[in-house]
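Let me begin by presenting the structure, written as structure tokens, before commenting on it.
Because the structure is predicted, anything quoted here is derived from the model rather than measured. All values below were derived from every heavy atom in this structure, side-chain atoms included, with hydrogens, water molecules and symmetry-related copies excluded. Read the numbers this way: they start at 1 and go in the same order the structure lists the ligands and their atoms.
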Amino acid sequence: MRISFCAQTDATPWIAALQQHLPEAQVEVWHGGARPADYAIVWAPPQQFFDEQTELQAVFNMGAGVDALLQRQMRADLPIVRLNDAGMGVQMAEYVCHALIRHTRDFALFEAQAQQGLWQEPPVLDRADFPVGILGLGVLGEPVARAVQQFEFPVLGWSRTPRQLDGVRCLHGQAQLTEFLASTRVLVNLLPLTPQTENLLNHATLSQLQRGAYLINIARGRHVVDEDLLALLDSGHIAGATLDVFRTEPLPAEHPYWRHPRVTVTPHIAGRTVLQDTVLQIASKIRSLQKGEPIEGVVERARGY
Ligand SMILES: NC(=O)c1ccc[n+]([C@@H]2O[C@H](COP(=O)([O-])OP(=O)(O)OC[C@H]3O[C@@H](n4cnc5c(N)ncnc54)[C@H](OP(=O)(O)O)[C@@H]3O)[C@@H](O)[C@H]2O)c1
């Protein structure tokens with residue numbers, strides 16, 4: 001079995017770990033003109049990769065989001081396999097809980113007060129005033145919803161098809177989006193980027209959130225219309241935002257988010273790919289495919305995720 005590795009990262013530890021878990025495989029770093037492989041492990045491969053690698057049985061994406069990969073031309077019957085959590089769920093949950101609690105417990109305010117030696121207590125928080133709405137109840141949305149529940153905030157979720165999660169008010173589809181937004185004060189975005197979800201967070205939708213809303217975007221930058229978010233931050237309808245993903249990454253130096261006093265920017269680190277978990281998951285899926293068994297995480301190309 002031949003495996004091709006194609007990602008702009010140091011391949012050495014990946015090849016070593018793959019070789020350890022699939023000793024029978026020949027794992028090679030892809031280069032133009034490389035021999036045909038049976039499986040590929042990729043992150044943002046060039047079009048040339050798919051033009052040349054025509055004998056692949058499956059492509060494993062080294063992340064959860066496949067929006068960039070789906071821009072490439074490739075055989076219609078080639079299975080694209082995404083990572084299913086692989087150590088990212090807990091990181092996403094940490095990130096969201098941190099941003100949520102930093103906001104609701106006024107930690108940014110205390111940091112500013114400490115600079116001035118100010119001892120001032122804010123009013124006691126009423127959690128009922130901060131319903132947390134999670135857009136996307138998938139592989140990563142679900143652990144985030146469970147983590148937020150631990151802090152006793154009311155939790156709502158929105159998905160494309162009906163979902164059931166204990167203790168979460170689950171809504172779905174366009175018809176229930178208005179109800180979802182109007183019931184949300186802290187909005188967490190965990191949708192995949194598809195033609196249906198691109199620019200979903202715009203003036204019309206964000207202004208339906210409860211006044212003093214807070215946005216945590218850890219999905220994709222293209223979900224948000226930046227000018228609309230900035231206008232709603234300036235009008236006070238949105239109290240603040242923690243943003244991990246952007247239309248252009250790295251976020252350009254001149255972008256207003258960098259200097260906005262109520263926006264926290266992080267460099268797309270909410271859910272990092274964890275090498276050992278990723279290799280273990282991919283190796284196990286390759287073994288299943290070799291035995292003709294079904295695997296989780298095969299992308300439905302027609303729906304875009
Ligand atoms: N910032 C980071 O470091 C980082 C790391 C990893 C992933 N991500 C991003 O995180 C996001 C979520 O990933 P995931 O693995 O949890 O995705 P997923 O498992 O594919 O789940 C997607 C969820 O969104 C819902 N959805 C999709 N299209 C919808 C629509 N048109 N209307 C309403 N709901 C819709 C799905 O509904 P159904 O349940 O009905 O299918 C599902 O609940 C992706 O954008 C990914 O790129 C970011």
Quiz item: Can you list the ligand 1 atoms lying under 4.0 Å from a non-hydrogen atom of Gln196?
Solution: 31 (N)

Exercise. Measure the distance from atom 11 (C) of ligand 1 to every protein heavy atom, then report the residue, atom name and distance (to 0.1 Å) of the closest one.
Key: Leu191 O, 3.5 Å

Practice problem: Any atoms of ligand 1 less than 4.0 Å from a non-hydrogen atom of Gly271? List them with their elements. | Solution: 2 (C), 3 (O), 5 (C)

Quiz item: Should one rank Leu137, Leu200, Leu140, Val139 by closest heavy-atom distance to atom 7 (C) of ligand 1, which comes out on top?
Solution: Leu140

Quiz item: Phe107 ring centre to Arg102 NZ or CZ under 6.0 Å, with the angle to the axis within 45°?
Solution: no

Practice problem: Using a 4.0 Å heavy-atom threshold (strictly under), name the region of Val245 that reaches ligand 1: side chain, backbone, both or neither. | Solution: side chain

Practice problem: Find all atoms of ligand 1 within a distance of less than 4.0 Å from any non-hydrogen atom belonging to Asp244, and give their numbers and elements. | Solution: 1 (N), 2 (C), 3 (O)

Quiz item: Would you find a donor on one side and an acceptor on the other, under 3.5 Å apart, between the side chain of Gln149 and the backbone of Val155?
Solution: no

Self-check item: Within-shell test, Pro192 vs ligand 1, heavy atom, strictly < 4.0 Å
Solution: yes

Practice problem: Ignoring angles and geometry beyond distance, decide whether Thr194 reaches within less than 3.5 Å of ligand 1 through its nitrogen or oxygen atoms. | Solution: no

Exercise. Measure Gln174 to ligand 1 on non-hydrogen atoms and call it side chain, backbone, both or neither using the 4.0 Å cut-off.
Key: neither

Quiz prompt | Nearest atoms (heavy-atom pairs only) where Leu289 meets Ala58 | solution = CD1-CB, 3.9 Å

Practice problem: Determine, step by step, whether Val42 and Trp30 satisfy the side-chain contact (heavy atoms from CB on, under 4.5 Å) criterion, reporting the C-alpha distance in whole Å, the side-chain angles of both residues, the deciding distance to 0.1 Å, and the verdict. | Solution: CA-CA 10 Å; Val42 303; Trp30 179 78; over 6 Å; no

Exercise. Tell me which part of Arg272 gets within contact of ligand 1: side chain, backbone, both or neither, using heavy atoms under 4.0 Å.
Key: neither

Quiz item: Is ligand 1 under 4.0 Å from a heavy atom in the side chain of Thr197, in the backbone, in both, or in neither?
Solution: side chain

Exercise. Answer with yes or no whether His172 contacts ligand 1, where contact means a heavy atom under 4.0 Å from a ligand atom.
Key: no

Quiz item: In terms of atom number and element, which parts of ligand 1 are under 4.0 angstrom from non-hydrogen atoms of Leu190?
Solution: 10 (O), 11 (C), 12 (C)

